[in-house]
Amino acid sequence: MAINHIDADKIPRTTLPGAGEFAEILNSQLCGAKNVVATLRWLRSGEHLVARSDPNSHQLIYLMAGEATIILNDEEHRVAKGAGVYLGPSEEARVEHRGSEPLKLFHLVVPKITH
């Protein structure tokens, strides 16, 4: 297996209206990751991320900077840097920017492992 250095600051960002910016930092093209995708996401005031796992995937969202409200099962959780949420197959979460500084998220999507 080869070791790859990925400079996340040099990867182009994509803007999604109302959902901030994102850059894929782990995928098949960048480093040969099969079916696994990781992104960095930046949210500002009024922006949010809706994450939905399909029946065959798991997701992890980790707050690297800033403050947010995470909505799980219609319940709001106020969180800050260092918090995270795990989504199993067919689960959903909404992450909303809160606070004065931009929110930076690490978002990992992994396929369900079956034996």
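As a basis for the values below, the full set of heavy atoms in this structure was taken, side chains included, without hydrogen atoms, waters or symmetry mates. All figures in this text were calculated on a predicted structure; none of them were measured in a lab.
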Requested in this report: For H77, check side-chain hydrogen bond (donor to acceptor under 3.5 Å, both in side chains) against everything at least two apart and list the hits.
Outcome: none
Requested in this report: Following the transitive rule for hydrophobic clusters with a side-chain heavy-atom cut-off under 4.5 Å over Ile, Leu, Val, Met, Phe, Trp and Tyr, establish whether V85 and V110 coincide in one cluster.
Outcome: no
Report summary line: Heavy-atom nearest pair, A23 first then P12, reads CB-O, 3.7 Å
Report task. Kindly give the heavy-atom pair with the smallest separation between A51 and I61, and that separation in Å. Result -> CB-CD1, 3.7 Å
Report task. With sequence neighbours left out, write down each residue that passes side-chain hydrogen bond (donor to acceptor under 3.5 Å, both in side chains) with Y62, or none if nothing qualifies. Result -> none
Exercise answer: donor-acceptor pairs, residues 100-108 side-chain atoms, under 3.5 Å, sequence neighbours excluded:
unit_1	atom_1	unit_2	atom_2	d
H107	ND1	R41	NE	3.3
H107	NE2	Q59	OE1	2.5

Requested in this report: Rounded to the nearest 0.5 Å, what's the gap from CD on E91 to OH on Y86? Could you check?
Outcome: 6.5 Å
Report summary line: Sorted by chain and number, sequence neighbours left out, salt bridge (Lys or Arg N to Asp or Glu O under 4.0 Å) with E96 holds for R94
Query - Shared-cluster residues of F22, by chain and number - hydrophobic side chains joined below 4.5 Å - result: L16
Report summary line: Between P89 and P55 the two heavy atoms that sit nearest each other are CB-O, 3.4 Å
Query raised in the report: Is there a chain of hydrophobic side chains (I, L, V, M, F, W, Y, each step under 4.5 Å between heavy atoms) that links L40 to L49?
Result: no
Query raised in the report: Applying salt bridge (charged side-chain N to carboxylate O under 4.0 Å, His left out), which residue pairs with at least one partner in residues 52-80 are found, sequence neighbours left out?
Result: R52-E92, E67-R98
Query raised in the report: What are the two closest non-hydrogen atoms of L72 and A93, and how far apart are they?
Result: CD2-CB, 3.4 Å
Requested in this report: Measure across L43 and A19 and return the closest heavy-atom pair with its distance rounded to 0.1 Å.
Outcome: CD2-O, 3.3 Å
Query raised in the report: Linking I/L/V/M/F/W/Y whenever any side-chain heavy atoms sit under 4.5 Å apart, do I70 and L60 land together?
Result: no
